[in-house]
Novice: 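Here it is, the structure in full.
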Amino acid sequence: MPELAKAYEPGLVEEKHYSNWLESGHYHADPESGKPPFSIVIPPPNVTGILTLGHVLNNTIQDILCRRARMKGFEVLWLPGTDHAGLATQTKVEKAVADEGTSKEELGREAFLEKVVEWKDKHGGIIIQQLKKLGCSCDWERERFTMDDEYYQSVIHAFISLYEKGYIYRGKRMVNWCPASMTAISDEEVIMTPQTGKLYTMKYEIVERPGAFLEIATTRPETLMGDTAVAVHPEDERYKEFVGLHCRRPFPEAKIPIIADDHLDPEFGTGVLKVTPAHDKADFEIGERHSLPLIDVITKDGTIDCPDVPELHGMERFKAREKAADLLEEMGLLIKKEKYKNNVGFSERGNVPIEPKISEQWFFKYPRVDEALRVVNEKQITFWPERWEKVYNHWLENIQDWCISRQIWWGHRIPIWYKGEEMKCQSESPGEGWEQDPDALDTWFSSWLWAYETMTSEVRNKFYPTSVLVTGPDIIFLWVARMIFAGLEFRPGQDETTQSNIPFKDVYFTGLIRDQRGRKLSKSLGNSPDPLELIAQHGADGLRFGMMRVAPQGLDIRYDEKQVEEGRNFCNKLWNACRFRQMQGTIDPQAQPQDHELSAYAHLALQELASTIDEIDTHYERYEFNQVAACLYSFVWGDFCSRFLEAAKADFGDPDSPTRSGTLATIDYILSQVLRLLHPYAPFMTEELWLELGFDSQTIQFASWPKADLTIFDPDEAKRAEDLYALVNAGRSLKGEFQIAGNQRVSFQLHTQSELKEKEREDLTRLLQAQSLNVVEHPPLKTPMIISPLGDLYLPLEGLVDVDKEKERLSKAINKVEQEIVREQKKLSNEQMLANAPEEKVTEWKQLYAEAKDKLAKLKTQFEQLSG
RNA sequence: GCGGUCAUAGCUCAGUGGUAGAGCACUACCUUGACACGGUAGGGGUCGGUGGUUCGAACCCACCUGAUCGCACCA
């Protein structure tokens, strides 16, 4: 067995193990397996995307769940894949094509799509390789892509089926138009963003009352040419008399009616609204109520389309806004321009303000809304944390039809065929003369089938519904809710019950990762670290452990590279603990501590291990990953390394120690458990140590998940160890207080009523790095003292004691004890408290009180001695 | 406007009814024979505010303040 390196070097082991794991086919799920199923489908990243910290968090969690499930004896399917990301990918390729001096129109549909596929082949799949670097244990043989032939056909058939049931329809309605990407988008893809713009107040002359004007406030003078009415509130006394008359629209000049509508807020602006039914959602509704004509004055790419006003025609919409205001000013119709803050809807992808626009699109009306609400509210699907239920409910209760058509080419083409006035819905062309709808479907219309269309029926039989979905709350509507709809509507389960047709049983929502200033990580802000660089620097395990340690359930994370360093440090700590063990000789992989004589320290370590295992399991049940990490961290670093291994050195220094073999067995046993417990978080290092130390010749990945064993330690012995450690701490504290170097050999004296075994005395001497520790019959005089459960410890420092300093130290201690006494006294003198508090608490308080009293007396005696 | 979340040490955060915690940072000491990606000791907090429930509140309730995120939005 080669000696372990002085520090853990992740770079040397990660690649080696990962390729071994892949070769041995560990992650290929067997639908025929007799083991119980555990399954997760990956939230498919964009095929041309690259790994972000968000992915790291999300996929580490999934990997942790999968690895633990394997160790617990489940047949695990983690189904990976990527999303074609229609609009995002097409936009990138359009840019690339533009750089080549051509355009998608010039190339035509077929040639352009070839370019997209080329692009996808070149840039696609990078993220898959990156996930492998992170250690993700996906079933890569089952990797899926939303544009795979089979998946493509499933999406088309889903459309056809919904069309036939009447849930999909075509309509000319107001949609969110993105002038940058030149497509309609869904409500969920519009981001409301606060903007500082201008509010223009202008005046329209009343046709029937020459010289009389209505003042109108607007943020969008460039749509003025599309105005087909002016509206006021029906109860607004200021304007009642004008309702039914007409205003003069300045350009192109026209007579438009003054109407009354309840939508108006008389308090806002002047209380008068210009109504542009073709370019505002609310105005459109007013227009419907009053049968107003629609005048579309903005083209698909956001330029003005109004030949009657040549000054504006063809102008970009925001330039036209200024220009229109100028024109009004020239005509003497602009009253004022003021700064104004409002919320403007931005296109998520195009990152420009959306343009509300009348457009003919395909819409989906959600079926089974009640059932979708029920499965979550009745916990057939459980949300973690629970509060996302409210968000889900709120969305469903106000659900709007989903605009599913996109004016893009890269995606699933809508299976609708036209011939003159005729229209047919089918996947293949009905024949000569039929033209297919040019549009493609919203990407989410394909990913909502992801939970089951990625599975063959054989796989589905075993693994659907999936066990848990791990995703960010930002796509709760876009993806999570819609997947629930898909499951309930298409019923891919084994029978008709709801239980068989929900897509997942649990949904774990991760937090969002932010930078130190609380901002979201984004490429444009440049605050998004490259996970690959972090892996190169600190190791995948360090990154994983570090992230998980600071990722509480459902809360956002403030990222700091320090956290990754801490993860790395932790890995190194355990590595070195193993290295230390290795120096003591060969490991016994089957070590059973109870077969040996154990030191009290070993009993305590085994007790701590048992409770750590229990705590970890409890935290897993609640998806408290940060708590699992905290348990591992504190057990390994604190209980195991700082206390037990240090105490163990006493055994290793003494070849005749009766507890030596027991200590070795205990270390081996604990390491074997700890490596397993840590494996889901740090797969690479634990595998390396597992194999290198010889715990098994086989991978750790299927080693059984530890169970707490309460029979291998004696709690009384463990308690003794606690007391011994307390004495060590007391001694170290004394040394520290007097600024004596840790390694300086001093002599301690212990005044105690209880018995101290010779072996214990020797161990303590060693742990205190002392010259000697002697039990004395009489307490020494004028000597620094500290109280511990095993007796009063004195540190005679001839000529070294600064009396004043020692008095100061004592009065500090006295002060502390006095505070404690006051606190306990207060409780014990409160009769109501004694009457109501549980008996065991009262006993505890009484004991604390007595102990404190005792301590105080001792400290005071000591103090007086010094003074006297 | 409606709803959610958060406020605990200088920083990042654990802690859901009974003695305030971790890591980092800081101070002092230690290159001790696993580890300086380390060790030992120490300083530092009226748990955002007010009121209530309770024998007892960082924790439960109400209100307030501040931050933040959804949803809906007024031109």
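Worth knowing before you read on, the calculation uses all heavy atoms, side chains too, and leaves out hydrogens, waters and symmetry mates. Residue numbering restarts at 1 for every chain, and letters A, B, ... go by the order of the sequence lines.
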Novice: Strictly by Watson-Crick or wobble contacts shorter than 3.5 Å, is anything paired with B:rU40, and which nucleotide is it?
Specialist: B:rA28
Novice: Output yes when at least one side-chain N/O atom of A:N569 is less than 4.0 Å from OP1 or OP2 of B:rG38, else no.
Specialist: yes
Novice: Mind checking who B:rG33 pairs with, Watson-Crick or G-U wobble, both distances under 3.5 Å?
Specialist: none
Novice: Pick the C1' atom in B:rG70 and in B:rU27, then give their distance to the nearest Å.
Specialist: 45 Å
Novice: Would you tell me if any nitrogen or oxygen in the side chain of A:W575 comes within less than 4.0 Å of OP1 or OP2 on B:rG38?
Specialist: no
Novice: Could you give the CH2-to-C1' distance, from A:W384 to B:rU5, as a whole number of Å?
Specialist: 18 Å
Novice: What integer distance in Å separates A:R579:CZ from B:rA34:P?
Specialist: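 Distance check: A:R579 CZ to B:rA34 P gives 8 Å.
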Novice: Can you tell me how far P in B:rA36 sits from the matching atom in B:rG17, rounded to whole Å?
Specialist: 42 Å
Novice: Once you apply a heavy-atom cut-off of 4.0 Å, does A:A835 come out as touching a base, just sugar-phosphate, or nothing?
Specialist: nothing
Novice: Need one value for A:Y340: base, sugar-phosphate or nothing, where a base atom within 4.0 Å counts as base even if backbone is also close, heavy atoms only.
Specialist: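 Here A:Y340 touches the backbone only, sparing every base.
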Novice: Please classify the nucleic acid contact of A:Q769 as base, sugar-phosphate, or nothing, using heavy-atom distances under 4.0 Å.
Specialist: base
Novice: Are A:D227 and A:K274 within salt-bridge range, i.e. N to O under 4.0 Å?
Specialist: yes
Novice: Which part of the nucleic acid does A:P838 contact within heavy-atom distance under 4.0 Å: base, sugar-phosphate only, or nothing?
Specialist: base
Novice: Answer yes if the side chains of A:D401 and A:Y366 hold a donor-acceptor pair under 3.5 Å, and no otherwise.
Specialist: no
Novice: Please classify the nucleic acid contact of A:A282 as base, sugar-phosphate, or nothing, using heavy-atom distances under 4.0 Å.
Specialist: sugar-phosphate
Novice: Would you mind reporting whether A:T666 and A:F644 have side-chain heavy atoms less than 4.5 Å apart?
Specialist: yes
Novice: Just checking, any donor-acceptor pair under 3.5 angstrom between side chains of A:H619 and A:E624?
Specialist: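 Their side chains do contain a donor-acceptor pair, which is all the 3.5 Å distance test asks for.
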Novice: Closest-nucleotide mapping onto RNA chain B: is A:L264 or A:Y8 further toward the 5' terminus? I mean the 5' end.
Specialist: A:Y8
Novice: Say you pick atom C1' in B:rC64 and the same atom in B:rC6; how far apart are they, in whole Å?
Specialist: 16 Å
Novice: Each nucleotide in nucleotides 6-16 of chain B should get exactly one letter: B, S or -. Can you fill that in based on protein heavy atoms under 4.0 Å?
Specialist: S-----SSSS-
Novice: Counting the atoms with a prime plus P, OP1 and OP2 as sugar-phosphate, which does A:K6 contact under 4.0 Å by heavy atoms, base, sugar-phosphate, or nothing?
Specialist: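 A:K6: backbone/sugar contact only, no base atoms under 4.0 Å.
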Novice: Let's see if you can work this out: which of B:rA34, B:rA41, B:rG18 has an atom nearest to the side-chain heavy atoms of A:R732?
Specialist: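 Nearest to the side chain of A:R732 among the choices is B:rA41.
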Novice: Which one is paired to B:rA75, where only Watson-Crick or G-U wobble pairs with both distances under 3.5 angstrom count?
Specialist: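 Looking at the geometry, B:rA75 pairs with no nucleotide.
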Novice: Would you mind classifying the nucleic acid contact of A:C641 as base, sugar-phosphate or nothing, using non-hydrogen atoms under 4.0 angstrom?
Specialist: base
Novice: Could you tell me which nucleotide pairs with B:rA57 by Watson-Crick or G-U wobble geometry, both distances under 3.5 Å, or answer none if nothing does?
Specialist: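 Pair assignment: B:rA57 / none.
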Novice: Over how many whole Å does the gap from A:I786 atom CD1 to B:rA41 atom C1' extend?
Specialist: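 Taking CD1 of A:I786 and C1' of B:rA41, I get 11 Å after rounding.
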Novice: Is the shortest heavy-atom distance from the side chain of A:L273 to the side chain of A:I286 under 4.5 Å?
Specialist: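 The answer is yes, as the side chains (C-beta and beyond) meet within the 4.5 Å cut-off.
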Novice: When you compare the side chain of A:T201 with that of A:K337, does any pair of heavy atoms fall below 4.5 Å?
Specialist: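 A:K337 does not reach A:T201 side chain to side chain.
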Novice: Are A:Y559 and A:M547 close enough that some pair of their side-chain heavy atoms sits under 4.5 Å apart?
Specialist: yes
Novice: Report yes if a side-chain nitrogen or oxygen of A:K390 is closer than 4.0 Å to either non-bridging phosphate oxygen (OP1 or OP2) of B:rG4; otherwise report no.
Specialist: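 Answer is yes, contact under 4.0 Å.
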Novice: For the side chain of A:N343 and the base of B:rC73, is some donor closer than 3.5 Å to an acceptor across the two?
Specialist: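 Flag set: donor-acceptor pair detected.
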Novice: Taking the same atom, C1', in B:rG4 and in B:rU54, what whole-Å distance lies between them?
Specialist: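 These two C1' atoms come out 28 Å apart once rounded.
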Novice: Taking B:rA58 as the reference, what is the distance to B:rA9 when you measure between their C1' atoms (whole Å, please)?
Specialist: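 Taking atom C1' in both B:rA9 and B:rA58, they lie 14 Å apart.
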Novice: For the pair made of CD in A:Q832 and C1' in B:rU54, what is the distance, rounded to whole Å?
Specialist: 10 Å
Novice: Distance check needed: B:rC35 P versus A:I667 CD1, whole Å only.
Specialist: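 It works out to 15 Å between those atoms.
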Novice: Taking any heavy-atom pair under 4.0 Å as a contact, classify A:N393: base, sugar-phosphate, or nothing.
Specialist: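 Nothing, no nucleic acid heavy atom in range.
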Novice: Can you check the distance between B:rC61 and B:rU5, where both ends of the measurement are the P atom (answer in whole Å)?
Specialist: 10 Å
Novice: Assess whether a salt bridge exists between A:E188 and A:R482, defined as any Lys/Arg side-chain N lying under 4.0 Å from an Asp/Glu carboxylate O.
Specialist: yes
Novice: Is the distance from OP1 or OP2 of B:rC74 to the nearest side-chain N or O of A:T219 less than 4.0 Å?
Specialist: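 For B:rC74, neither OP1 nor OP2 has a side-chain N or O of A:T219 closer than 4.0 Å.
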Novice: Base of B:rC35, side chain of A:K573 - is there a donor-acceptor contact under 3.5 Å?
Specialist: yes
Novice: Nearest nucleotide by nearest heavy atom, which residue falls closer to the 5' end of RNA chain B, A:E9 or A:L199?
Specialist: A:E9
Novice: When you compare B:rC59 with B:rA20, how far apart are their C1' atoms, in angstrom units rounded to a whole number?
Specialist: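 Between the two C1' atoms, the distance is 12 Å.
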Novice: Regarding A:N398, tell me which of base, sugar-phosphate or nothing describes its non-hydrogen contacts under 4.0 Å with the strands shown.
Specialist: nothing
Novice: Tell which nucleotide pairs with B:rG45, taking only Watson-Crick or G-U wobble pairs whose two distances are both under 3.5 angstrom.
Specialist: none
Novice: Taking B:rA7 as the reference, what is the distance to B:rG49 when you measure between their P atoms (whole Å, please)?
Specialist: 13 Å
Novice: Does some side-chain heavy atom of A:P250 sit less than 4.5 Å from a side-chain heavy atom of A:L328?
Specialist: yes
Novice: Between atom CZ in A:R387 and atom P in B:rG4, what is the gap in whole Å?
Specialist: 11 Å
Novice: From the list B:rC55, B:rG42, B:rG23, which nucleotide is the closest neighbour of the side chain of A:Y633?
Specialist: B:rG23
Novice: With a 3.5 angstrom cut-off on both distances, give the Watson-Crick or G-U wobble partner of B:rU65, or none if there isn't one.
Specialist: B:rA7
Novice: Please give, in whole Å, the distance from B:rC35 P to A:N576 CG?
Specialist: 6 Å
Novice: Provide, to the nearest angstrom, the distance between the CG atom belonging to A:L645 and the P atom belonging to B:rG39.
Specialist: 12 Å
Novice: Counting side-chain heavy atoms from C-beta on, which of B:rA34, B:rG39, B:rG70 comes nearest to A:W637?
Specialist: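 Ranking B:rA34, B:rG39, B:rG70 by closest atom to the A:W637 side chain puts B:rG39 first.
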Novice: Identify whether any heavy atom of A:R766 sits under 4.0 Å from a base atom; if not, whether one sits that close to sugar-phosphate; answer base, sugar-phosphate or nothing.
Specialist: base
Novice: With distance as the sole test, does A:R514 use its side chain to make a donor-acceptor pair with the main-chain N or O of A:I557 at under 3.5 Å?
Specialist: no
Novice: Mind checking if A:W845 touches a base, just sugar-phosphate, or nothing, with heavy atoms under 4.0 Å?
Specialist: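 Result for A:W845 = base.
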Novice: Which atom pair, heavy atoms only, marks the closest approach of A:C247 to A:L214?
Specialist: SG-CD1, 3.9 Å
Novice: So which nucleotide from B:rA34, B:rG23, B:rC37 ends up closest to the side chain of A:E566?
Specialist: B:rG23
Novice: Taking A:R238 for its side chain and A:P266 for its backbone only, find out whether a donor-acceptor pair lies under 3.5 Å.
Specialist: yes
Novice: Classify A:I476 by what it touches in the nucleic acid, base, sugar-phosphate, or nothing, heavy-atom distance under 4.0 Å.
Specialist: nothing
Novice: Does a side-chain N or O from A:N836 land closer than 4.0 Å to OP1 or OP2 of B:rG56, or not?
Specialist: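 Indeed not, no polar side-chain atom of A:N836 lies that close.
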